[in-house]
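Sharing a structure, written as structure tokens. Questions coming.
Note: hydrogens, waters and symmetry copies are ignored here, and every other heavy atom, side chains too, is used. Owing to the predicted nature of the structure, the values given are computational and were not obtained by experimental measurement.
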Amino acid sequence: MSTKVRVRYAPSPTGHLHIGGARTALFTYLFARKHGGQFILRIEDTDLDRNVSGAAEEFYNGLRWLGVEWDEGEDIGGKYGPYRCTDRMDIYREHIGQLLKEDRAYYCYCSEEDLAKERDAQIAAGETAKYSGHCRHLTPEQRAAYEAEGRGRTVRLRTSSGETLAFNDMVRGGISFESDGNDFVIVKSNGMPTYNLAVVIDDHLMEITHVTRGEEHISNTPRQMQIYRAFGWDVPEFAHFNLILNEEGKKLSKRDESILQFISQYRDLGYLEEAILNFLALLGWSPGTEEEIFSKQELIERFSFERVNKSGSIFDQRKLSWMNNHYFKKAELDRIVRLCVPQLQQASRLPATLDEAQEAWVNVLVILHQEKMNSASDIVPLTDLFFADVPELDEESKQVMSEATVQAVLAAFRNQVESAGEAGFTVENMKALIKAVQSETGVKGKGLFMPIRIALTGQMHGPDLNGTIWLLGRERVLKRLSDSLAARQ
RNA sequence: GGCCCCUUGGUCAAGCGGUUAAGACACCUCCCUUUCACGGAGGUAACAGGGGUUCGAGUCCCCUAGGGGUCACCA
């Protein structure tokens, strides 16, 4: 890239930051950083009705959490601002005035009802729906008459037909359309520019060099090219990324509940941001090698549009889980603890503030489960056994408990725990206590550990026994051993 | 329906004329292990179909089929 790179992510503040948007932002960001360019964040709020207050902030928070930082934007300023459409109305008005004056655009007084009727008739006749051009050549008198009626008006771009509109997409190669002479609306009746007009003006004025977005925008590109042309501006480079699809292979819609698709949901479930970032980067892009674990810095070094996939990618939550688990295993214990505590608090298994003993307890709890968690929220179901009574034994467990040596093992272990006292009841000492049971009873291996595990938890499976015993606490351990022994009488 | 894009295992994907068609997730088997998990070793599984071009095609071209996107005063 010989020239400077300026790219942007321009979401409309109509909802949450979802994985598709985050991925688009990430690719754009990686491209900017790789080429030492600027990454701009712009808010595309031209649809007044659909704007959601606070949505922009959620985008900021989500992107910041992921580590996708921008160089210019509404919140941090920049030389090319304002960075929100509704703050750029003067700019749009001036440019619209220019198009009108040069007769490259014209006022259209057709009502939405008339247009809908027109469209329905065309479709019924088997034709392609397109604007009839009703207001294309109004005389000054006709226009004055409409104005006098107080009709609403939009502005349409005067387009040609039969012209080839071709561009070279950095991801997909050559794409071309033939212009159809469908004069599309560039200014709505409420005076707001449409998306297509606003993006072109903003991208040009902000000196965006590469327009990056999802594949769903390919068909907008010829329209935007016509706007560039009407202004006499150079067209930037384009790169259209593949779509992220749900399990049915369809484009993700915000209503789709088959999948967790909002970044905030993953954050709330206690996923690690670097795992999300890594996973998103691999969705539609690959380094071309067998590696797949990448830090942000490594992604910046390796990313290129040439290696972005053309076909859609189905979002596989299981692989994301695997990747998060990978990062969990490598993460510092304290970091995972901090992620797990809120989950346990939400489940009312921990108080709002923890005392020293509770901190120690959680630490051991997390040590026991860290490498099997896919996300911090998993800590809740994994800790069920510490918050419930011993469940009914299944057949296999009963079988184990009917062994002849069980009685001796449990009794010996109870004695060990009792004589060890509070002071001897530590995670570190647990192994020695069980060892003592072994030498006392001569039982070892499964015959030694299983009865203890089953007596204490009611299950044959579970986390490390020593830690489990300690987490249960001395009182509960003694009680359960006694219960189990009593049940065997 | 028009226009546009896409098509390698269930999923993510390597491959850019000559390979036994990688790797990862998931699944299965075995090993490790007091259990689970982790880890390790294996395994099942793919070039949508048909024509060309070529000595040779997953790779290039055409057609068909399928999938998707888009056809707004939404972005």
Side-chain angles (χ1 to χ4, degrees), chain A residues 10-15 44-47 49-50 85 108 110-112 115-116 119 123 126-131 152-156 169 171-173 175-178 180 182 184-196 198-199 213-223 240 242-243 245 247-251 279 282-293 306-307 309-323 325-326 329 368-373 382 400 434 444-454 457 459-466 468:
Chain A
S12 70
T14 55
E44 211 78 46
D45 63 343
T46 53
D47 188 344
D49 296 331
R50 296 209 313 166
C85 290
C108 171
C110 297
S111 68
E112 292 194 59
L115 258 17
R119 205 166 30 237
I123 291 169
E127 296 166 26
T128 305
K130 92 180 212 192
Y131 178 57
R153 65 185 191 190
T154 61
V155 176
R156 287 179 186 272
D169 191 285
V171 170
R172 335 178 82 83
I175 297 177
S176 71
F177 293 82
E178 189 173 308
D180 58 2
N182 190 359
F184 57 94
V185 172
I186 55 175
V187 181
K188 309 177 197 180
S189 56
N190 66 0
M192 290 299 293
T194 59
Y195 161 75
N196 282 125
V199 212
R213 50 187 26 171
E215 187 184 328
E216 71 269 28
H217 284 290
I218 290 181
S219 55
N220 273 321
T221 309
R223 280 193 273 275
H240 291 95
N242 67 349
L243 257 21
L245 312 170
E247 275 126 337
E248 282 81 50
K250 300 264 202 285
K251 179 185 167 191
F279 182 76
L282 257 23
L283 208 54
W285 173 84
S286 112
T289 65
E290 290 183 4
E291 306 147 276
E292 56 183 1
I293 299 299
E306 290 73 45
R307 297 207 61 85
N309 253 280
K310 297 186 185 74
S311 52
S313 301
I314 293 175
F315 183 77
D316 184 1
Q317 274 188 102
R318 283 177 306 186
K319 183 145 185 180
L320 206 208
S321 290
W322 167 81
M323 189 164 282
N325 171 262
H326 173 88
K329 285 180 295 197
L368 254 48
H369 299 286
Q370 183 165 1
E371 65 182 24
K372 63 176 71 171
M373 278 189 276
L382 286 169
V400 172
I434 296 176
K444 57 182 180 177
K446 282 192 187 183
L448 172 65
F449 293 97
M450 266 313 159
I452 297 177
R453 178 180 289 284
I454 294 171
T457 70
Q459 292 170 350
M460 293 183 66
H461 307 302
D464 169 72
L465 228 207
N466 297 331
T468 299

Student check: side-chain heavy atoms of A/I293 and A/M323 closer than 4.5 Å: yes
Whole-Å distance separating the CZ atom of A/R213 from the P atom of B/C5: 15 Å
Heavy-atom pair of closest approach, residues A/R453 and A/M460: CD-O, 3.4 Å
Separation of atom CG in A/N309 from atom P in B/C47, rounded to whole Å: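 Taking atom P of B/C47 as the reference, CG of A/N309 is at 19 Å.
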Sugar-phosphate only, base, or nothing, as touched by A/C85 at under 4.0 Å among non-hydrogen atoms: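 It contacts nothing in the nucleic acid.
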B/A13 phosphate, OP1 or OP2, under 4.0 Å from A/K319 side-chain N/O: no
Minimum-distance nucleotide (side-chain atoms of A/R156 versus B/C73, B/A13, B/C5):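 Closest nucleotide to the A/R156 side chain: B/C73.
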Residue-phosphate contact under 4.0 Å: A/S286 side-chain N/O, B/A14 OP1/OP2: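 Yes, within the criterion.
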Contact check, side chains of A/I454 and A/V400, non-hydrogen atoms, under 4.5 Å: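 Side-chain contact under 4.5 Å: yes.
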Atom P, compared across B/A22 and B/C16: separation rounded to whole Å: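 Approximately 13 Å lies between the P atom of B/A22 and that of B/C16.
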Integer angstrom distance from the C1' of B/G67 to that of B/C31: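 43 Å, rounded to whole Å.
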Whole-Å distance separating the NE2 atom of A/H240 from the P atom of B/C6: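 Nearest whole value for this atom pair: 12 Å.
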Closest nucleotide among B/A24, B/G2, B/G69 to the A/T128 side chain: B/G2
A/K188 vs B/C74: side-chain N/O to OP1/OP2 distance below 4.0 Å: yes
Value in whole Å for how far the C1' atom of B/A72 lies from CG of A/D47: 10 Å
Sugar-phosphate only, base, or nothing, as touched by A/T154 at under 4.0 Å among non-hydrogen atoms: base
Sugar-phosphate, base or nothing in reach of A/G249, heavy atoms under 4.0 Å: sugar-phosphate
Short side-chain N/O contact from A/K310 to OP1 or OP2 of B/G69, under 4.0 Å: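 For A/K310, the contact criterion (side-chain N or O under 4.0 Å from OP1 or OP2 of B/G69) is not met.
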Sugar-phosphate, base or nothing in reach of A/L283, heavy atoms under 4.0 Å: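 Touches sugar-phosphate only.
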Whether A/F449 stacks on the six-membered ring of B/U34 base, 5.5 Å and 30° limits: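 One would call A/F449 stacked on the B/U34 base.
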Distance test, side-chain N/O of A/T194 to OP1/OP2 of B/C73, below 4.0 Å: no
Heavy-atom pair with the smallest gap, counting every atom of A/N242 and A/G284: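 Nearest heavy atoms, A/N242 then A/G284: ND2-CA, 3.6 Å.
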A/T154 to A/S189 - nearest heavy-atom pair and separation: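 What the structure gives for the nearest pair is CG2-N, 3.7 Å.
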A/L465, nearest nucleotide to its side chain (from B/A22, B/U34, B/C25): B/U34
Spacing of the P atoms in B/G58 and B/G52 (rounded, Å):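 One P to the other, the span is 15 Å.
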B/C73 and B/U59, which share atom name C1', separated by this distance in whole Å: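 My reading of the C1' atoms in B/U59 and B/C73 gives 47 Å.
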Nearest-angstrom distance from the residue atom NE2 of A/H326 to P of B/G23: 19 Å
Where A/R223 and A/N196 come nearest, the two heavy atoms and their spacing: NE-OD1, 3.7 Å
Donor-acceptor pair under 3.5 Å, A/N220 side chain vs B/A75 base: yes
For B/G2, the Watson-Crick or wobble counterpart (both distances under 3.5 Å):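 Per the H-bond distance test, B/U70.
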Residue whose nearest RNA chain B nucleotide is more 5′ - A/R153 or A/S311: A/S311
Sugar-phosphate, base or nothing in reach of A/S176, heavy atoms under 4.0 Å: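 Since only primed, P, OP1 and OP2 atoms lie under 4.0 Å of A/S176, the category is sugar-phosphate.
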A/W285 CH2 - B/C12 C1' separation (whole Å): 13 Å
Interatomic distance, A/H217 NE2 vs B/U70 P [rounded to whole Å]: 9 Å
N or O in side chain of A/R307 less than 4.0 angstrom from B/G15 OP1/OP2: yes
Sugar-phosphate only, base, or nothing, as touched by A/R172 at under 4.0 Å among non-hydrogen atoms: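 Since only primed, P, OP1 and OP2 atoms lie under 4.0 Å of A/R172, the category is sugar-phosphate.
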Sugar-phosphate only, base, or nothing, as touched by A/S321 at under 4.0 Å among non-hydrogen atoms: nothing
Sugar-phosphate, base or nothing in reach of A/E112, heavy atoms under 4.0 Å: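 The answer is base, as A/E112 lies within the cut-off (heavy atoms under 4.0 Å) of a base atom.
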Opposite nucleotide pairing with B/C55, Watson-Crick or G-U, both atom distances under 3.5 Å: B/G18
Touch class at under 4.0 angstrom, heavy-atom based, for A/E371 against every strand present: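 If one applies the 4.0 Å heavy-atom cut-off, A/E371 turns out to touch a base.
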Touch class at under 4.0 angstrom, heavy-atom based, for A/D464 against every strand present: base
Sugar-phosphate, base or nothing in reach of A/K250, heavy atoms under 4.0 Å: sugar-phosphate
Selection from B/A26, B/C5, B/A75 that lies nearest to any side-chain heavy atom of A/R318: B/A26
5'-most by nearest nucleotide on RNA chain B - A/S111 or A/N466: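 Mapping each residue to its closest nucleotide by heavy atoms, the 5'-most match is A/N466.
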Length of the line joining A/N242:CG and B/A13:P, which is rounded to integer Å: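 My rounded result for the distance is 6 Å.
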Sugar-phosphate, base or nothing in reach of A/K329, heavy atoms under 4.0 Å: sugar-phosphate
Separation between the C1' atoms of B/A65 and B/C30, rounded to whole Å: 43 Å
Watson-Crick or G-U wobble partner of B/C27, both distances under 3.5 Å: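 By the stated definition (distances under 3.5 Å), B/G43 pairs with B/C27.
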Touch class at under 4.0 angstrom, heavy-atom based, for A/G152 against every strand present: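 No contact.
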Touch class at under 4.0 angstrom, heavy-atom based, for A/I314 against every strand present: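 Sugar-phosphate contact only.
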